[in-house]
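Structure incoming, see below.
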2 protein chains.
Amino acid sequence: MATRKTDGSPDDAAAGQPAGGRRRRDAAATREALLQAARDRFMRLGYDRTTLRDVAADAGVNLALIKRYFDSKEGLFKAALAGTPRFLGGEFPQDRAALAEALSHQLSAGAWPEFGEHPVLLLLRVSGDERVDSLRRQALQDFSRRVLEASGAGRDDDERLLRAELLVALGVGIAVVRSTVGLQPLGDATSDDLIGPLRDVVDSLLG
Amino acid sequence: MATRKTDGSPDDAAAGQPAGGRRRRDAAATREALLQAARDRFMRLGYDRTTLRDVAADAGVNLALIKRYFDSKEGLFKAALAGTPRFLGGEFPQDRAALAEALSHQLSAGAWPEFGEHPVLLLLRVSGDERVDSLRRQALQDFSRRVLEASGAGRDDDERLLRAELLVALGVGIAVVRSTVGLQPLGDATSDDLIGPLRDVVDSLLG
DNA sequence: GAACCATGTCAACGAGTGATTACTTGGCGA
DNA sequence: TCGCCAAGTAATCACTCGTTGACATGGTTC
């Protein structure tokens, strides 16, 4: 279904090759176009429902080039994972107010326009391959660890650890609920809508 | 892969036929065994990675019987969905303390032993078929609506609605995080571990 | 015991998938 | 201009999946 465009239609715009005159043989641009298409598909559909033919079609590129640049579907998935930006930016907020503020922005509708959905969803998709899945788990645990650190919880404080993880779970849940059910008003909530409740939650969990 | 057991090995124990002497031709038991195996697979692996051959093998039943009893994979999925028990029991708790109490039990590790994972996960799996997915969405929205009612929010109060939905998101997030990442200590948290933090969250969101 | 039908078995199909190979083409350096 | 190699193409293979129809068999009814 959707829009198959195996024809040479010039909508490989995603490539990002700067010059106006688009070249035809550009390995870097091809690779990038594939990556972007792959991230989009993997995030929206998950690993299994994403077919390499569709990714190649989205990127306006021949199927066999996926093997050339990423070797396999698994390789493509790994590369897509690796390109996922760090959540909550480079530095984590260091106090509760800033944390709530950051969360309300990161979790608002329409954040991550270049991803369509919240990139954390990429980390939830089961690939079926244990090597890939462990990579996935590792990334999500790293994320949690940073939230823990930001919350000021020591490694030894089990209760505070649990509370920080509940905050992570809330973020994951928001992204999941929004992507799978159009639950309103949460689905379209802006950062202004979220900041109040999130501040309350952060305070009650980590206060 | 896995354990194919097309032979007549007597591990159709799941069937639940009461008498000790297991009968060989028992439509109801066969149907139930298929349902149970299907729920398990769908919940752990999602719709796509669940193959009918594996479900049939788990149930110790011939593949073609799925068509007989459920007509198609979609039919099997629908039946599995329909059998999902209502979350939070028959009556919703009507005050915040009771709600926190109920949530801590429903979301504790090892609840739902007959499902393995929290059944809400079944509602998050995309099937790819729009008719099935709308069923799925409907079920999850019904669930949210009941939480809203329990929270005492009126339909007109958008902020309270949002706050109740955040509570739903938290529950979903806990189930998802636990199923996809073994995040500790959340992964093994008991209802005793959860009750404190959850009480705080419920109060801060709906208080 | 015979007829009959629900239950269960078997083997195969067609579609779609990831993977792979042999081939063609474009563009750059000498 | 001419090789040469990276970039891109087309075709196909091997395999798994859901689905299907023809067939076997048990057990109930008369």
Side-chain angles (χ1 to χ4, degrees), chain A residues 1-2 4-10 12 15 17 19 21-34 37-38 41-42 45-57 59-79 127-129 132, chain B residues 1-2 4-10 12 15 17 19 21-34 37-38 41-42 45-80 127-129 132:
Chain A
M1 42 213 75
R4 281 288 196 113
K5 37 189 172 186
T6 317
D7 55 312
S9 63
D12 40 358
Q17 199 59 24
R22 40 184 273 280
R23 333 184 175 167
R24 307 251 305 271
R25 295 169 78 100
D26 186 331
T30 299
R31 225 189 100 99
E32 193 51 42
L34 279 173
R41 291 266 173 188
F42 281 137
L45 306 175
Y47 190 85
D48 297 286
R49 298 194 57 79
T50 294
T51 74
L52 297 186
R53 280 169 176 80
D54 283 342
V55 170
V61 146
N62 190 281
L63 166 65
L65 291 181
I66 293 180
K67 177 183 172 60
R68 181 182 299 283
Y69 292 118
F70 303 99
D71 190 57
S72 66
K73 186 179 189 178
E74 180 186 321
L76 181 61
F77 186 71
K78 277 183 185 169
S127 78
D129 184 291
V132 180
Chain B
M1 46 213 77
R4 280 288 197 114
K5 37 189 172 184
T6 316
D7 57 310
S9 64
D12 38 0
Q17 200 58 25
R22 43 181 272 279
R23 334 183 174 167
R24 306 252 303 272
R25 295 170 78 100
D26 186 332
T30 299
R31 226 190 98 100
E32 194 51 41
L34 280 173
R41 291 264 173 190
F42 281 137
L45 305 174
Y47 190 85
D48 296 287
R49 297 195 56 80
T50 294
T51 76
L52 297 186
R53 281 170 176 80
D54 283 342
V55 170
D58 283 356
V61 147
N62 190 281
L63 166 64
L65 291 180
I66 293 180
K67 176 185 172 58
R68 181 182 299 285
Y69 291 117
F70 302 99
D71 189 59
S72 64
K73 186 178 189 178
E74 179 187 322
L76 181 62
F77 186 71
K78 277 183 186 169
S127 78
D129 185 289
V132 179

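Throughout, a chain's letter reflects where its sequence line sits, starting with A, and its residues are numbered from 1. Because the structure is predicted, anything quoted here is derived from the model rather than measured.
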- Enter the distance from Arg31(A):CZ to Leu65(A):CG here, rounded to the nearest 0.5 Å. 12.5 Å
- Task: May I have the distance from Asp54(A) (atom CG) to dT17(C) (atom P), rounded to whole angstrom?
- Result: 7 Å
- Looking at dT16(D), does its base get a donor-acceptor pair with the side chain of Arg53(B) below 3.5 Å? no
- Item | Neighbours of DNA chain D within residues 61-70 of chain A, by heavy-atom distance under 4.0 Å | Asn62(A), Ala64(A), Leu65(A), Arg68(A), Tyr69(A)
- Message: Tell me the interatomic distance from Asp48(B), atom CG, to dT17(C), atom C1', rounded to whole angstroms.
- Response: 12 Å
- For the atom pair NZ (Lys73(A)) and CG (Leu52(A)), what is the distance rounded to the nearest 0.5 Å? 5.5 Å
- Note on the structure: In this structure, CZ of Arg53(B) is separated from CG of Asp58(B) (nearest 0.5 Å) by 14.0 Å
- Query: Quick one: is Thr30(B) getting a side-chain N or O under 4.0 Å of the dG8(C) phosphate, OP1 or OP2?
  - Reply: yes
- Message: Starting the side chain at C-beta, find the nucleotide from dT19(D), dT7(C), dA6(D) nearest to Arg25(A).
- Response: dA6(D)
- Rounded to the nearest Å, what distance is computed from the CG atom of residue Asp71(A) to the C1' atom of nucleotide dA19(C)? 10 Å
- Query: Arg49(B) CZ to dT17(C) P: how many Å, rounded?
  - Reply: 15 Å
- Item | For atom CG of Asp26(A) and atom P of dC28(C), their distance in whole Å | 11 Å
- Report the distance from atom NZ of Lys73(A) to atom P of dT20(C), rounded to the nearest whole Å. 14 Å
- Gap between atom CG of Leu76(A) and atom NZ of Lys78(A) - 0.5 Å precision: 12.0 Å
- Would you say the side chain of Glu32(B) lies within less than 4.5 Å of the side chain of Tyr69(B), judging by non-hydrogen atoms? no
- Task: Calculate the interatomic distance between Leu52(B) atom CG and dT19(D) atom P; express it in whole Å.
- Result: 6 Å
- Can you tell me how far OG1 of Thr30(A) sits from CD1 of Ile66(A), rounded to the nearest 0.5 angstrom? 11.5 Å
